Amino acid sequence: MIKRNLIINGVPQTLVVDEEVTLANVLRGQLHMTGTKVGCGKAQCGACSVIVNGKVIRSCVMKMKRVADEAVITTIEGVGTKDNLHPLQLAWMIHGAAQCGFCSPGFIVSAKQLLEENVNPTREDVRDWFQKHRNACRCTGYIPLIDAVMEAARLMRGEVTVEELWCKLPEDGRIWGSEYIRPSALAKVTGTCDFGADLGLKMPCGTLQLKLVQAKVSHANIISIDTSEAEKMPGVYKVITHKDVIGKNRITGLITFPTNKGDGWERPILCDKKVFQFGDAIAIVAADTAEHAQAAVEKVKVELELLPEYMSAPAAMADDAIEIHPGTPNIYFETKVVKGEDTAPLLEAADVVVEDDFYVGRQPHMPIEPDVGFAYFNDDKLIIHSKSIGIHLHHAMIAPGIGYDPDKLMLVQNPAGGTFGYKFSPTIEALLGVAAVATGKPVYLEFDYYQQMTYTGKRSPFFMNLKFGATKEGKLIAMESDWSCDHGPYSEFGDLVTLRGSQFMGAGYHIPNIRGEGRTVCTNHAWGSAFRGYGSPQSEFASEVLMDELAEKLGMDPFELRYKNVYRPGDTTPTGCEPDVYSLVEMMDKLKPAYIKAQEWAKQPASAENKKRGVGMSIGVYGSGLDGADSAEVNVELTAKGVTVYTSWEDHGQGADMGSLATAHEALRPLGIKPENIKLVMNDMQTTPNSGPAGGSRSQVLVGNATRVACEMLIKEVTKADGTFRTYQEMVAEELPVFFQGKWTAPASECNLETGQGNPFAVYMYGIFLSQVEVDITTGKTEVVKMTVVADPGKIANKLVVDGQMYGGVVQGIGLALSEDFEDLKKHVDLVGAGLPYIKDAPDNIELIYVETYRPYGPFGAAGCGELPLTCPHGSIINAIYNACGARIKHLPARPEKVLAALQAKN
Ligand code: MCN
Ligand code: FES
Ligand code: FES
């Protein structure tokens with residue numbers, strides 16, 4: 001132990017610390033200054049940034065022995081407070097720069113030092129600074145962050161006032177469609193928003209700290225698990241294995257379709273008979289401290305019989321492959337598309353035919369906050385807190401496995417530092433439940449970033465073959481498709497994501513005749529969990545790159561080819577139904593000037609001699625909702641102060657708070673209630689009804705409609721005969737109800753699995769992506785210089801939120817196109833290794849153009865928007881690479897060596 005005199009946020013403090021412990025641990029663990037966050041824990045994300053003696057440092061790797069005595073330290077708590085915000089904190093709110101907000105304290109602290117050194121930076125200075133200090137954000141695409149720093153600098157220089165910047169509402173105070181600041185922004189920018197690990201630190205003494213024993217192989221039979229030595233380790237309370245689980249020890253995948261050959265009960269909570277993938281949980285050590293638990297983890301002995309590892313769909317489909325789940329074939333689900341006439345003779349007779357193979361891989365989600373949660377008992381109720389984006393859904397998936405009375409099991413969502421869909425699947429919840437039941441104590445579990453990467457699900461890779469037939473004028477007449485979805489070892493939602501191939505290959509275009517077949521394959525690589533776009537980024541990548549190949553064969557401009565084929569009134573989607581609106585033609589018209597400009601840009605010399613410029617485009621379409629008659633419930637209550645909204649619109653960071661507030665405020669406008677008098681109670685099964693999961697970009701439409709319905713019920717009830725409204729006091733005096741349960745069900749029908757035909761989504765969102773790239777032909781490295789996105793998310797509920805969704809999503813598309821992967825279990829296990837885009841990998845030039853087509857089934861005309869920006873931006877980048885240098889990449893990501901190899905093959 002060492003003694004340190006430190007000046008923290010201006011306050012001199014004397015601390016006794018372990019010299020080997022990090023500054024982040026001392027700030028958070030000893031001082032409970034939880035504004036400083038820990039993401040990667042290995043100097044790759046900057047979430048833990050603090051200023052020490054005038055330098056920005058990453059406190060997660062700064063050991064206390066390196067922190068000098070008398071060091072002057074500034075953390076987010078010292079930058080500004082709720083009542084005395086720093087210009088950076090203000091600007092962060094005004095620019096919607098805090099989405100999940102987990103990175104915000106680190107960025108703001110880092111930027112504070114930048115502005116202290118240079119109060120007049122250029123945008124490039126800001127980018128260089130964040131790059132140098134490794135400040136990473138997964139939500140915002142970085143542009144709003146740069147905007148915020150530039151704004152803060154202007155504020156500090158006195159060139160603008162807060163009043164000038166603050167969101168201006170129309171005279172009637174309407175917030176729908178405005179840039180109203182999301183309710184959670186203030187806590188996020190001041191570091192007072194408690195995420196899971198912050199709440200965990202504040203749990204009562206005696207809370208057991210959990211650590212996992214995980215599989216280090218991908219496929220094996222378990223011969224024995226010996227915990228005897230681990231049990232004897234200091235501080236250990238219990239080592240929990242499958243034998244301690246009183247329930248079924250399985251997470252049920254809630255099989256969606258009856259033709260699925262699996263039963264959905266194959267995912268163990270704690271492995272019993274087999275290991276199915278690297279990272280599987282075999283045992284949990286519960287101890288008094290995390291260090292003691294981790295030390296005991298190393299002492300658990302697991303004897304295994306190794307089995308062949310099937311690390312991709314083709315490997316698991318081979319004739320000699322054994323069944324990964326004995327009794328269930330590795331190909332456990334098949335689906336077909338049958339639209340229009342038989343395609344074989346049509347393709348035979350077509351003027352032009354193109355065909356190619358495509359692969360979109362195991363993109364990792366890489367939220368900056370790793371998975372975390374805790375569980376405790378409230379009398380006989382078991383309460384589990386986590387990052388769940390589907391609290392009611394996960395309740396149904398984990399209750400039988402834990403073996404706890406479902407009526408007494410409650411899930412709560414903590415503020416989440418981004419999920420991007422990985423939390424559509426249960427991760428930590430069942431482990432926490434099992435540990436709490438086995439020990440009878442409150443328990444806490446946080447993943448380190450390695451566990452985040454190796455335990456949680458990933459995007460499901462699609463191996464695709466696609467064929468188009470067209471007339472010589474460029475009208476599509478037929479499509480044939482074949483795809484295999486590698487879903488890893490666990491089936492949950494594997495059938496559904498496979499169905500997305502039927503629904504979205506060729507989406508956006510009227511293709512009268514389609515034949516296709518897709519299958520879900522069980523493998524031993526990472527299990528497939530939802531990832532933003534869910535099957536559309538795979539499916540549309542194939543059709544959007546093949547559209548460019550078709551244009552080339554026809555000798556036609558890719559824009560013109562698309563323009564000819566996009567949905568027009570009367571046209572149908574690949575599932576044979578009419579889309580909700582026909583806005584793609586208008587959207588293409590809006591894009592045209594940017595397209596022409598981009599082509600002129602491409603003709604100019606590139607920024608260096610060894611670089612070539614190119615332009616590419618793609619179309620992205622996705623549904624807002626889950627298939628068929630998806631529904632949501634929201635409750636509202638009239639109170640003495642206004643209205644309380646009870647909703648389970650889970651927040652990944654996308655802005656569920658803002659969506660709920662804007663929708664309720666809009667619905668309640670007749671009553672003239674101010675936004676500050678609408679109280680949100682969110683995401684706690686004890687008080688909030690089943691609004692469904694925050695996946696499939698469904699919430700604004702589904703939960704928004706349920707909110708609207710509940711508010712309309714309230715308005716109806718308070719309306720007097722003369723059209724005026726009763727007050728709360730009058731309602732109570734008249735003994736009238738003040739609590740209303742709203743429900744909305746989408747008018748849609750599921751697809752037939754034999755034909756892929758149906759009307760699965762009542763509302764769609766549409767996007768067009770235009771990328772301008774420079775490819776270095778000596779290294780194969782691609783730089784995206786500019787992107788233009790035309791988006792139709794319907795009527796916009798909140799402009800800041802939607803802009804932020806767009807920027808963030810397309811930068812994830814840049815990652816998907818160029819760098820991100822989770823294939824190599826040694827290399828792709830941290831942010832850098834797995835290819836996370838940092839600020840200099842993203843362009844500072846993303847132009848957003850909106851076409852807000854009113855949606856008949858959206859609340860106040862809104863569609864969704866969360867997944868739209870990741871439907872197919874990568875397709876436009878890949879098409880632009882080909883346009884630049886002739887390298888056609890069909891297997892993502894287009895890392896430099898792959899582009900170089902394609903160039904060499906061409907030459
Ligand atoms: N919105 C709006 N106007 C519209 C449509 C939507 O203002 N016309 C707003 C909504 O109020 C909401 C946001 O945009 O705040 C997204 O709405 P919606 O498309 O309905 O999606 P959900 O709320 O259901 O959010 C889920 C969606 C998905 S599926 C993933 S994955 C995702 C995403 O949103 N993960 C995210 N966006 C994310 N953003 C962040 N920062 N972090 C994630 O993990
Ligand atoms: Fe410290 Fe990521 S850099 S937590
Ligand atoms: Fe930056 Fe979520 S706002 S990681």
Side-chain angles (χ1 to χ4, degrees), residues 22 24 36-49 57-62 92 96-104 106-107 133-142 144-145 176-177 182 188 365-370 387 389 416-424 449 530-534 622 624-625 649-663 692-704 765 791-805 808-809 812 831 850 852 855 858-870:
T22 64
T36 302
K37 309 297 175 193
V38 173
C40 69
K42 52 193 283 193
Q44 295 185 346
C45 76
C48 60
S49 297
I57 65 114
R58 277 155 270 166
S59 61
C60 70
V61 289
M62 171 72 110
W92 233 253
Q99 287 190 28
C100 78
F102 194 80
C103 71
S104 306
F107 266 98
H133 293 95
R134 279 268 182 248
N135 287 109
C137 176
R138 187 61 163 161
C139 297
T140 61
Y142 298 106
L145 312 183
W176 179 266
R182 70 172 76 188
K188 287 170 179 171
H365 304 72
M366 296 189 278
I368 303 299
E369 179 198 39
K387 293 177 72 178
I389 57 162
T419 94
F420 311 104
Y422 90 88
K423 280 304 307 162
F424 199 84
Y449 216 84
F531 192 148
R532 200 174 197 173
Y534 194 59
Y622 196 53
S624 294
W649 183 340
E650 293 90 351
D651 210 336
H652 313 228
Q654 83 278 23
D657 56 342
M658 191 61 244
S660 293
L661 182 64
T663 312
S697 303
R698 65 184 283 287
S699 308
Q700 183 60 62
V701 172
L702 270 293
V703 189
M765 40 200 182
D792 183 356
K795 293 292 171 194
I796 290 175
N798 184 281
K799 181 73 172 23
L800 281 181
V801 168
V802 173
D803 282 355
Q805 289 293 295
Q812 290 184 324
L831 296 172
Y850 293 105
E852 292 184 58
R855 293 306 197 280
F860 312 111
C865 81
E867 289 164 292
L868 175 62
L870 193 49

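Please read these numbers as outputs of a predicted model, since none were measured by experiment. Counting starts at 1 for both ligands and their atoms, in listed order.
The residue Arg134 has no part lying near ligand 2, judged by heavy-atom distances below 4.0 Å.
When distances to atom 2 (Fe) of ligand 3 are checked against a cut-off of 2.8 Å, Cys100 contributes an N, O or S atom below that limit. The distance from atom 2 (Fe) of ligand 3 to the nearest N/O/S atom of Cys137 is not under 2.8 Å.
An N or O contact shorter than 3.5 Å is missing between Cys100 and ligand 1 by distance. Residue contacts with ligand 1: Cys865 is placed with a nitrogen or oxygen under 3.5 Å of a nitrogen or oxygen of the ligand (distance criterion only).
Rounding to the nearest 10°, we obtain 110° for the angle at atom 1 (Fe) of ligand 2 between Cys48 SG and Cys60 SG.
Ligand 1 lies out of reach of Phe531, whose nearest heavy atom is not under 4.0 Å from it. Heavy atoms of Met658 stay at 4.0 angstrom or farther from ligand 1.
Between His365 and Phe531, the ring-plane angle classifies as parallel under the 30° and 60° cut-offs.
When each atom of ligand 1 is checked for a heavy atom of Ile796 under 4.0 Å away, the hits are 3 (N), 8 (N). Interface of Gly421 with ligand 1, defined as ligand atoms under 4.0 Å from a residue heavy atom, comprises 31 (S).
Looking only at protein heavy atoms, the nearest one to atom 4 (S) of ligand 3 is Arg138 N, 3.4 Å.
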